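Inspection log for the structure reproduced underneath, given as structure tokens.
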Amino acid sequence: MDYQIPDLIRKKRDNNILSDSEINYLVQQYSKGSMPDYQMSAFLMAAYLNGLNDQESTSLTHAMLSSGSILDLTHIPGVKVDKHSTGGVGDKLSLIIAPIVASLGVSVPMVSGRGLGHTGGTLDKLESIPGFTVDLSLERYVKIVKKHGLVLMGQTIEMAPADKKMYALRDVTATVESVPLIAGSIMSKKLAEGIDALVLDVKYGSGAFMKTQTHAIELAQILVDIGQSFNKPTIAFITSMETPTGSAIGNWLEVLESIDVLKGNGPSDTIYQSTLLSGAMLYLAGTVASIEAGIKEAKNAISSGKAFQKFRDIVQAQGGDLNYIDNPNSRGIPKHCYTITSRNQGYITSLDAYQLGTLSVRLGAGRLQKEHNIDPLAGIILEKKIGEYVQKGETLMTLHTNKDLDIGELERCAFSSIEWGTFQAEPQPLISHILDKNGLRVYS
Ligand code: URA
């Protein structure tokens, strides 16, 4: 059926509900180049301001998904599961989770994104391993999943191309931060991968897209509903991103921390989250009877060395040089490693993810525009985390950069990310809720 595009924009502008066929028409016209950017921008702003209901969000996902193809992985035995995070600072969990789950016999065809703004991206982290390629043809994608039960790559032109175009437009029309638009964007890409089930890490807090827990729950609910409506069992965890995950922020630094965790060491928050999300993936794959049993399996995969071996396998399969994985020091260090020492004495009560993410971008670890280059070695190592007692003169963090920056300014940024107290603050739960087909529950 043909529609007049201005009529459809007007309908959403006036807060009316668009039908499945109307939404499909808009997305397909835009995807094939028959609708100009200015009309899609107007529609996106109307959708941003007036929202989309559940039916419209599902229709949008469907339409974006049908702009490309859905990969057929049915010839690979077993349930294929992926995990998606809505993005944060120091979030290297995908690098740890994917090999854990694949080492336990569950296929993980993982398609990830790049970092933008203050947030990091899995693809940039992987590319900090010399030789590692994330740009794979569909043929190679399937081949690698078949052989290794795992692939770590970027979105191809076949996967939800309408989303790629719409996301780029949203980025420059102030329409990114919309729950239904984010939901359609994430789910169309994930469903195009050919997965059977999905675990979502929906983050809230200063370092996340969703600033409040309420908005994260709202987004998680739509994501889970869309997953269920496509018959893909989906579990979402609501996770705090007030403070960075782990101690490393920056691409190669995060690869090193991931290797540490895969070898049975590393920061406790990172181990906790990665084994929990792995446990949920194993549960959805049906290889364990509960998430708790999955967590146990995930821990065993680490202690037995299976998970690290799988990580080495995938690095090699995707062209990465194993010499850097086995001898990380050979990667070298950047021109400057500044030590930030404390001028205070007391407990750290807040370590702000957004400010530290922004500082890491300034050091060269991220990009503010899509075409910017990143420095794989740049970033931050946090020597102290929330809840720790710090004496004057102790090292708070080290800043790694190849840029010649004003150290006084860097110090000011580093200090402003920290709040101090005379008492140890009550620790806040890292994962507050779980949401699945049975509804929302507090996670404990
Ligand atoms: N991540 C996505 O893939 N899409 C969005 O719209 C926001 C975050």
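All values below were derived from every heavy atom in this structure, side-chain atoms included, with hydrogens, water molecules and symmetry-related copies excluded. These numbers come from a predicted model, not from an experiment. Whatever order the structure lists them in is the order used to number ligands and atoms, beginning at 1.
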request  = Any atoms of ligand 1 less than 4.0 Å from a non-hydrogen atom of K189? List them with their elements.
outcome  = 2 (C), 3 (O), 4 (N)
inquiry  = Counting non-hydrogen protein atoms only, what is the nearest one to atom 4 (N) of ligand 1? Give residue, atom name and distance.
reply    = S185 OG, 2.6 Å
message = Regarding S59 and H62, do their side chains bring together a donor and an acceptor under 3.5 Å, going by distance alone?
response = no
ask   = Looking only at atom types and distance, does a side-chain atom of S178 sit under 3.5 Å from a main-chain N or O of T175, one as donor and one as acceptor?
value = no
Under 3.5 Å, which donor-acceptor pairs do the side chains of residues 85-100 form with other protein atoms, sequence neighbours left out?
unit_1	atom_1	unit_2	atom_2	d
S85	OG	G87	N	2.9
S85	OG	D91	OD2	2.8
T86	OG1	K203	N	3.0
D91	OD1	L93	N	3.2
K92	NZ	G90	O	2.7
K92	NZ	T245	O	2.7
K92	NZ	A248	O	2.9
K92	NZ	E257	OE1	2.7
S94	OG	K83	NZ	3.0

query = What is the nearest protein non-hydrogen atom to atom 8 (C) of ligand 1, stated with its residue, atom name and distance?
reply = F209 CE1, 3.6 Å
message = Using a 3.5 Å cut-off on N or O atoms only, is R170 in polar contact with ligand 1?
response = yes
List, one per line, each side-chain donor-acceptor pair under 3.5 Å for residues 134-153, sequence neighbours excluded.
unit_1	atom_1	unit_2	atom_2	d
S137	OG	R140	N	3.1
R140	NH2	A317	O	3.0
Y141	OH	E193	O	3.1

message = With a 4.0 Å cut-off on N to O distance, would you call E56 and K12 a salt bridge?
response = yes
ask   = What atoms in ligand 1 come closer than 4.0 Å to a heavy atom of I186?
value = 1 (N), 2 (C), 3 (O)
query = Do any nitrogen or oxygen atoms of Y167 come within less than 3.5 Å of a nitrogen or oxygen of ligand 1?
reply = no
